[in-house]
Novice: 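For reference, the structure I am asking about is given below.
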Amino acid sequence: MEGARPVTDRLTLDDLPVRDELRGKSPYGAPQLDVPVQLNTNENPYPLPEPLVARIAERVAEAARGLNRYPDRDAVELRTELARYLTRTGGHPVGVENVWAANGSNEVIQQLLQTFGGPGRTAIGFEPSYSMHGLIARGTGTGWISGPRNEDFTIDVAAAEQAIARNAPDVVFITSPNNPTGTAVEAETVLALYEAAQAAKPSLVVVDEAYVEFSHRDSLLPLIEGRPHLVVSRTMSKAFGAAGLRLGYLAAHPAVVDAVQLVRLPYHLSAVTQATALAALEHTDTLLGYVEQLKRERDRLVTELRTAGYEVTDSDANFVQFGRFEDAHAAWQRILDQGVLVRDNGVPGWLRVTAGTPTENDAFLDAVRQLKKEQSA
Ligand SMILES: Cc1ncc(COP(=O)(O)O)c(C=O)c1O
């Protein structure tokens, strides 16, 4: 019939027999707006250098010749190179048997929750923190517990220990440096929470170090020694400037690596992904050079924001949390009106800006200085 739509077109998500805990929920995702300066998703602003692009093309061409076959299911060459990188930069020797890789650290976290969480089990994080920890918990049927933080966004150790003792969670997330606040966590804090978690359950403690290469402090990687329930998760999305690659990894006791094999999909890491990641690892030194530039830019943002009269949380990441605003969303909009996209993570009074190129950061600083003028007028 002219103009009539088939019944199936009117069907919405609410009409489907989805799991009860997913009803009425929205998918995770920052707005992808087409504006000149995009500083909202903690990406690295520097495109991969041309010699690396050429090397990726070479390695991918090599991989393409074997695409009729499934890839190396255990990604041994890649895990070996990741172990070498961690040993070189993380202050602790690790071998291939300590390392596992997946499509982004989000998938690493998902595999950990599938293995150690799940229905009837719980995970705790200290919020505000990376909201995907709670969302992946939900997706894997794991109950989520929101733990406390201090006013200055550091972890309130005594309160966290109590929350762990009270709830006896199966998985504990500690994000260092933390997203969205930029706050690094002291090794003593991790040790205290690890002890509390072992006394309460024992549970798996996941230290999410997605941003550690930008930190003023050393990696917490050495803490895995002698602690079989401690996992450090990492990513190539930030320091390696390869968010589009989707490559995350973990370091832990070999038994943890064996455990995640129980839930990983066979051949989860494509031959193209493995080849690309290996090419990027060949260029580690160049990529870490960009990290040094970004650390300087991050420190400049902190200083300039404070000079402009904003409150700023000390940052060990490639982003900076600044405020305070009576209405953070209105401030976000005013900055956007000037062509600069930052992130409103829903932390009352605060916004987050990712360190970009010097030109992008100048545009952001102009926008926030202008905002300050408007607000004090
Ligand atoms: C703390 C933290 N962990 C993990 C991730 C996920 O990174 P990816 O899945 O790209 O490795 C992010 C991304 O923003 C993050 O902020």
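Computed from a predicted model, the values in this text were never measured in an experiment. Each ligand, and each atom within it, is numbered from 1 in the order the structure gives. Residue indices begin at 1 and follow the sequence shown.
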Novice: Take every heavy atom of A210, measure it against each atom of ligand 1, and state whether any distance is under 4.0 Å.
Specialist: yes
Novice: Strictly under 4.0 Å, does any heavy atom of N42 approach an atom of ligand 1?
Specialist: no
Novice: When clusters are formed from ILVMFWY side-chain contacts under 4.5 Å, directly or step by step, what else is grouped with V347?
Specialist: F153, W350
Novice: Can you confirm, on distance only, whether ligand 1 has an N/O atom lying under 3.5 Å from any N/O atom belonging to T175?
Specialist: no
Novice: Is H133 near ligand 1, meaning one of its heavy atoms is under 4.0 Å from it?
Specialist: no
Novice: Could you see which bit of E107 sits under 4.0 Å from ligand 1, with heavy atoms only: side chain, backbone, both or neither?
Specialist: neither
Novice: Consider only side-chain N and O atoms of E43 and T354, and report whether a donor and an acceptor are under 3.5 Å apart.
Specialist: no
Novice: Could you list the atoms of ligand 1 found under 4.0 angstrom from a heavy atom of N106?
Specialist: 6 (C), 9 (O)
Novice: Could you verify whether a donor N or O on one side chain and an acceptor N or O on the other, from S270 and T273, lie under 3.5 Å apart?
Specialist: yes
Novice: Kindly list each side-chain donor-acceptor pair under 3.5 angstrom involving residues 24-37, sequence neighbours excluded, with atom names and distances?
Specialist:
none

Novice: Would you call the rings of Y194 and H229 parallel, tilted or perpendicular, taking 30° and 60° as the class edges?
Specialist: tilted
Novice: In terms of relative ring orientation, are Y46 and Y290 parallel, tilted or perpendicular, with 30° and 60° separating the classes?
Specialist: parallel
Novice: Which heavy atom of the protein is the closest neighbour of atom 9 (O) of ligand 1, given with residue, atom name and distance?
Specialist: R246 NH2, 2.9 Å
